[in-house]
Amino acid sequence: MGNWFQNTIIATGRLPLFCFFVALIVAFIATRINVRLIRAKVGWFRNVNVGEMHIHHVVFGVVLMLVGGVTGLIVSTGSQIGYAVAACVFGIGSALVLDEFALILHLHDVYWEEEGRTSVDAVFIAVAVTGLLLIGLRPLTWDYGFPVNPAALIVANLALAVVTLLKGKIWTGMAGLFLPVLLVVGAVRLARPGSPWAHWFFAGRSPRKMARAIHREERWRRPVIRAKIAFQEFLSGRHDLPSTLKRRRP
């Protein structure tokens, strides 16, 4: 194990990325444990308030990201250890910010509402992308065994990624940045019914395709989503409060 860590992480200069990866996961889990204890009113766990104003932990996250980022710039020409410490601070701050990503997205406190699951999705995506970088994969590049114009390859992969994401396939699009074959599959296959692509090209134009998309969503996608939500709620708590966003919409 020690040899693997030395040869794969330290020797390749990935120690800061590894520290960011670990800090992101540990800080997210610790944050979720803390907020669940606060919600359950266990012991001395309470929200941070100044007078009547509640200070969300995204504020502390932004401060830590600034400290970690600036420190990383200062020590970037120094030792890898100093850079790794800065990466840890940045990773903790990133976890705090991403844990309230839904609040930033909606400009409304939806932490325990259905929309709050977006924060957990954001953390999962950040962890997955960092993990792929950590094992040596690089986005928008691929060795096909024969010469390929790098600029053309990047443009083609980006175009496929945009189509895949517009079809509502977020995980396929993100993973496809590292494994382009997934982008080809995602771009060719039928769009999800709630996606922008389906709204533009299916609704009112191709009822048959929309019906197929809905059928696939209910038969194949829904069980996967239920399993994902069950895992998320096991890890981060239940997002079971009524949506205040829906009540605010006209």
Side-chain angles (χ1 to χ4, degrees), residues 9 14-72 81-135 170-171 174-175 225-245:
I9 303 298
R14 296 177 192 161
L15 181 60
L17 184 62
F18 176 81
C19 291
F20 169 83
F21 180 72
V22 174
L24 177 66
I25 295 174
V26 173
F28 170 68
I29 293 174
T31 301
R32 280 287 164 163
I33 291 174
N34 182 67
V35 295
R36 291 176 74 174
L37 291 174
I38 291 174
R39 190 185 192 193
K41 299 181 180 179
V42 175
W44 52 270
F45 291 92
R46 293 292 183 272
N47 289 319
V48 178
N49 296 293
V50 177
E52 296 183 355
M53 181 173 62
H54 169 54
I55 308 298
H56 291 271
H57 50 266
V58 65
V59 176
F60 302 101
V62 170
V63 172
L64 289 174
M65 289 180 70
L66 286 171
V67 171
V70 172
T71 303
I81 298 298
Y83 204 12
V85 172
C88 282
V89 176
F90 193 85
I92 295 171
S94 299
L96 294 174
V97 170
L98 290 176
D99 189 55
E100 294 203 304
F101 176 79
L103 181 150
I104 301 171
L105 180 65
H106 297 288
L107 292 179
H108 189 66
D109 189 359
V110 293
Y111 197 88
W112 293 117
E113 299 172 17
E114 181 181 353
E115 292 85 0
R117 294 195 184 104
T118 308
S119 297
V120 187
D121 287 333
V123 174
F124 281 13
I125 290 174
V127 170
V129 170
T130 306
L132 291 172
L133 291 171
L134 196 58
I135 63 176
I170 307 300
W171 281 100
M174 297 302 298
I225 292 176
R226 284 195 293 268
K228 185 196 75 169
I229 291 174
F231 176 71
Q232 286 182 340
E233 291 186 343
F234 169 77
L235 181 65
S236 59
R238 296 188 63 186
H239 297 80
D240 53 1
L241 292 182
S243 175
T244 53
L245 281 180

Check your understanding: More than 12 non-hydrogen atoms from neighbouring residues, nucleotides or ligands closer than 6.0 Å to CZ on R238, yes or no?
Key -> no
Check your understanding: Shortest non-hydrogen contact from Y83 to G72?
Key -> CE1-O, 3.8 Å
Check your understanding: Got a second to check how far E115's CD is from L105's CG, nearest 0.5 Å?
Key -> 10.0 Å
**Study point:** pair I81-L15: side-chain heavy atoms closer than 4.5 Å
**Key:** yes
Review point. Would D121 and Q232 satisfy side chain to side chain contact (heavy atoms under 4.5 Å, CB included), going step by step from the backbone distance to the final call?
Key: CA-CA 9 Å; D121 287 333; Q232 286 182 340; 2.6 Å; yes
Practice item. Identify the heavy atoms of R36 and F234 that sit nearest to each other, and give their distance. Key: NH1-O, 3.1 Å
Review point. So, S119 side chain and A102 main chain: donor-acceptor pair closer than 3.5 Å or not?
Key: yes
Practice item. Give me the ring orientation class for F231 and F124: parallel if the planes are under 30° apart, tilted from 30 to 60°, perpendicular past 60°. Key: tilted
Point to revise | Separation between CG of L24 and CZ of F90, rounded to the nearest 0.5 Å | key: 10.0 Å
Review point. Any side-chain heavy atom of I9 sitting closer than 4.5 Å to one from L134?
Key: yes
Check your understanding: What distance do F101 atom CZ and H106 atom NE2 have between them, rounded to the nearest 0.5 Å?
Key -> 8.5 Å
**Study point:** Reported SG-to-CZ distance for the pair C88 and F21, which is rounded to 0.5 angstrom
**Key:** 13.0 Å
Review point. Is there a side-chain contact between Y111 and L103, using heavy atoms and a 4.5 Å cut-off?
Key: no
**Study point:** From S236 atom OG to R32 atom CZ, the distance as rounded to the nearest 0.5 Å
**Key:** 4.5 Å
Point to revise | For P16 against A87, the heavy-atom pair lying closest together | key: O-CB, 3.1 Å
Practice item. Can you see which heavy atom on L64 is nearest to which on V89, and at what distance? Key: O-CG1, 3.4 Å
Review point. Once you round to the nearest 0.5 Å, how far does CZ of F60 lie from CG of L96?
Key: 9.0 Å
Check your understanding: Shortest non-hydrogen contact from L235 to I29?
Key -> CD1-CG1, 4.5 Å
Would you be so kind as to tabulate the donor-acceptor pairs closer than 3.5 Å made by side chains of residues 42-56, with sequence neighbours excluded?
residue: R46; atom: NH1; partner: G43; partner atom: O; Å: 3.1
residue: H54; atom: ND1; partner: V48; partner atom: O; Å: 3.3
residue: H56; atom: ND1; partner: E100; partner atom: OE2; Å: 3.2

Practice item. With sequence neighbours excluded, tell me which residues meet salt bridge (Lys or Arg N to Asp or Glu O under 4.0 Å) with D109. Key: none
Check your understanding: Looking at H57 and T31, what are the two nearest heavy atoms and their distance?
Key -> NE2-CG2, 3.8 Å
Review point. Hey, are H108 and T244 close enough side-chain-wise for a donor-acceptor pair under 3.5 Å?
Key: yes
